[in-house]
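Notes to accompany the following structure.
Below, read A as the first sequence line, B as the second, and so on, with proteins coming before strands; counting in each chain starts at 1.
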Amino acid sequence: MANRQNRKIKFGDDVSGGAVEEAGTMKNTQTKADTKFVGRQRGRIGKAPVTVDFGSDEDNSEEENEKLATGRKPVDIRLIKQKAAKLLPVRESLPVYQVKNELLAQVRSAKVCVLIGETGSGKSTQIPQFLMDENKKGIAVTQPRRVAAINLATRVSEEYGCVLGREVGYSVRFNNVSNRQTKLKYITDGMLLRELMLDPLLSRYSTVIIDEAHERTILTDLLLGFLKDLIFNKRADDEFKVIIMSATLDAERFSQFFENAPIFFVEGRMYPVERYYLGQPVEDIVDTVIKTVVQLNQTEPTGDILCFLAGQEDIDRVVDTLNKLAPVLPKEAPILVPMPLYAALPSHVQMEVFRPVKANQRKVILATNIAETSVTVPGIRYVVDSGLRKVKVWRHQLGLSTLLIAPISKASAAQRAGRAGREAPGKCYRLYRETDYFKLSDNTEPEILRSDVISPVLMLKKMGVNDILGWHWLENPGRESLVAALQQLYSLNALNDRGQITELGEKMVVLPVAPHLAAVLIRAHELGCLGPVIDIVACLSVDNLLMSPPSERRDEVNERRKDTCKLGTIYGDLLMLKELFDLYISLADNAERKEWCKQLCINFKGFKDVLRVRRQIAEYMGMLKMHEGDGSLDAKLVLKAFLSGFLTNTAIGMPDRSYRTVATGDLVSVHPSSLLFGQRKPAIMYIEYVYTVKGYARAVSMIELEWLQEVAPHLLGSREKIN
DNA sequence: GAGCACTGC
């Protein structure tokens, strides 16, 4: 350990002069110096200080918002107006306010415009307000994340001086704090897509603003595609306008997509961040992060440190080592307080990063990509960037996903560095060489290129697009991927043999789950087992519901799960979820539920989400006139319902105890987290197929060969051909 | 006999 501390890490100089690098690469008339803005930041707007969604807290505030909106809580409108008046000078100091008139002129003169605004420009809060007076109908501003939509709406309603949910409101899953009179609505892009499915003309709106377009989520890409149709064809009237807001360079692409829409720039408010690179590449990234942190702790003045690492495993290792190291480090330097930050952590542990530390301490936050966009931690002056991230890649040829460690893009590196310059000038230590930096791709590959596109294709079909391959995709996912999606949808009976959407497909598209699971729900209704299937689908919809126990508790927890779930032990993980759901419901109070979750290593907050999802699925099924019956639980019937959606995810037991997929004959192994691990069944069905060290089936259930013969004799036939 | 980045409806 001592040796480790002695060897210093050498960083080169900040070669490029210190400005946040978006400036240098931007195709902009501004000079670098213009954008290297330094100044007092009065009232940070837009990304409000509290930007983390920690479940239960947010529940409360949303409920309260609803009360406000429906007027159940008495409000003093005079106070609200007073507060708004106080906020006006803050608004007027924002960069975007300085160009208000130019900007309005621009928007008036074009049907579509692209607006590049750097962090802190105030674009997301101010521009929609500028437009409120001149819009006959509503303005929708999309956000990729729920919390962002809620925070923006809350802030803007204060600035505007209204009760949240009246003139200014928001709409996100599980919460609609708006009414028909709402003039300005912040909305997740998923919700706007839903609205589009129900009202293809978006007739309630005269302006749609797509914010954070540079993030290139699948849903943003799709919205832009549909908006192109609207703006140039179905709603070519002067009334309808589209504004695309982006924080980075992709402007040219958006502009071209919308037939050379004008581009407008607004400068932001970022402090300069000096960047340092390594002289030599490193082998052990965990070790290098630790050395860098220890070293900069001894040489740099106050300010917290944010480190970006690829995933949980590396983060936990750094946290452990720093905890051991902290007491033996030189006493002159601040005491290091390491804190992990990744999505799978329980919310109270995530919250720790907002806790202030003592004067003689220094926070070191070890984070995944979650800190790049979703969570903004105040007080960061130093960023340590491993240059790595984990990315889930879908292989449509194999129908499986893999989780890979990959280098980040230049845009992502800039975003990470920028986290050090939000409140004061900062420093960023990149744990790679500058030559490696230059080799990085400019932008992160759009999500749609590495995901399965079954759901997007179904949406296109719903919107009446016949030529999927030739559609004006912002980013075409490619022929193979699209054909695979079409085939999947055809085999789910969502499309007929002429490629048109079926009645079943129309129903599937409105359900808030993946098409496979939507098919299962509808089939379950036909079979008369909708109730239990909704329970299970709701469980499957929640990430990290069953957590993996720490290694020392592994065997104990596995045994306890088996003891608790008798049906699960026979039929597999889907029935296990149903049993766990029923048990959870049957427990008297939250204290008891919490203890029970702990024993079985179940995410307590996750189960609360399950109940919320369950309620919503039941509600949507009700809208489709499909209601739950009240029959008793029939395990085999439930599994048959699931089989209708997961026919291709089946495998047959071989004499050597392995399983081979029915469709292709590939080898699959039951994941050791499954209750069926180590058991031998004639055939299995699984919800997910992931490749790590080998192909693993997850969420596994047993099926009978006869069921396959009944439902899909063609599949069994094709396998014989292969063999 | 294993580990899981991040969102959205």
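Comparing B:dC9, B:dT7, B:dA5 by their nearest atom to the side chain of A:Ile370 picks out B:dT7. Among the nucleotides B:dA5, B:dC9, B:dG8, the one closest to any side-chain atom of A:Leu219 is B:dG8. When distances run from any side-chain atom of A:Pro672 to the nucleotides B:dA2, B:dC9, B:dC6, the shortest one goes to B:dA2. Here B:dC9 is the nucleotide among B:dC9, B:dG1, B:dG8 with the atom lying nearest to any side-chain atom of A:Met191. Each of B:dG1, B:dT7, B:dA5 was ranked by its minimum atom distance to the side chain of A:Lys392; first place goes to B:dA5. Of the candidate nucleotides B:dA2, B:dG8, B:dC6, B:dG8 has the atom nearest to the side chain of A:Thr188. Comparing B:dA5, B:dC9, B:dT7 by their closest approach to the side chain of A:Arg146 singles out B:dC9. Nearest to the side-chain atoms of A:Arg145 among the listed nucleotides B:dG8, B:dC6, B:dA2 stands B:dG8.
As rounded to whole Å, 8 Å separates atom P of B:dC6 from atom CG of A:Asn544. Atom CD in A:Gln350 sits roughly 13 Å away from atom P in B:dA5 (whole-Å rounding). Between A:Leu309 atom CG and B:dA5 atom P there is a gap of 11 Å when expressed in whole angstrom units. Rounded to a whole Å, the CD atom of A:Glu372 is 13 Å from the C1' atom of B:dT7. B:dG8 atom C1' lies 12 Å from atom OH of A:Tyr620, rounded to whole Å. Taking atom CG of A:Asp543 as the reference point, atom C1' of B:dC9 lies 13 Å away to the nearest angstrom. Counting to the nearest Å, the C1' atom of B:dA2 and the OH atom of A:Tyr696 are 6 Å from each other. Protein atom NZ of A:Lys694 is 7 Å distant from nucleotide atom P of B:dG1, rounded to whole Å.
If you find the closest nucleotide of DNA chain B to A:Pro512 and to A:Ala343, the one lying nearer the 5' end belongs to A:Ala343. Between A:Val513 and A:Tyr342, the one whose closest nucleotide on DNA chain B sits nearer the 5' end is A:Tyr342.
As judged by a 4.0 angstrom heavy-atom cut-off over every strand, A:Thr692 is placed among residues touching the sugar-phosphate backbone only. Within the 4.0 angstrom heavy-atom criterion, no nucleotide atom of any strand lies near A:Val690. Within the 4.0 angstrom heavy-atom criterion, no nucleotide atom of any strand lies near A:Thr217. Within 4.0 Å (heavy atoms only), A:Asn558 reaches at least one base atom of the nucleic acid. Counting non-hydrogen atoms under 4.0 angstrom, A:Arg389 reaches nothing in the nucleic acid.
The pair A:Arg615-A:Glu619 does not count as a salt bridge, with every side-chain nitrogen at least 4.0 angstrom from each carboxylate oxygen.
A donor and an acceptor atom, one from each side chain of A:Glu195 and A:Tyr205, are located under 3.5 Å apart. A:Ser409 and A:Ser412 share no side-chain donor-acceptor pair at under 3.5 Å. No hydrogens or angles considered: nothing links the side chains of A:Asn151 and A:Thr154 as a donor-acceptor pair under 3.5 Å.
Within the structure, every side-chain polar atom (N or O) of A:Thr373 is placed at least 4.0 Å from both OP1 and OP2 of B:dC6. Residue A:Gln616 places no side-chain N or O under 4.0 Å from the OP1 or OP2 atom of B:dC9.
By the 6.0 Å and 45° rule, A:Arg430 stacks over the aromatic ring of A:Tyr437.
Judged by distance alone, with hydrogens and angles left aside, the side-chain atoms of A:Tyr686 form no donor-acceptor pair with the main-chain N or O of A:Ala651 at under 3.5 Å.
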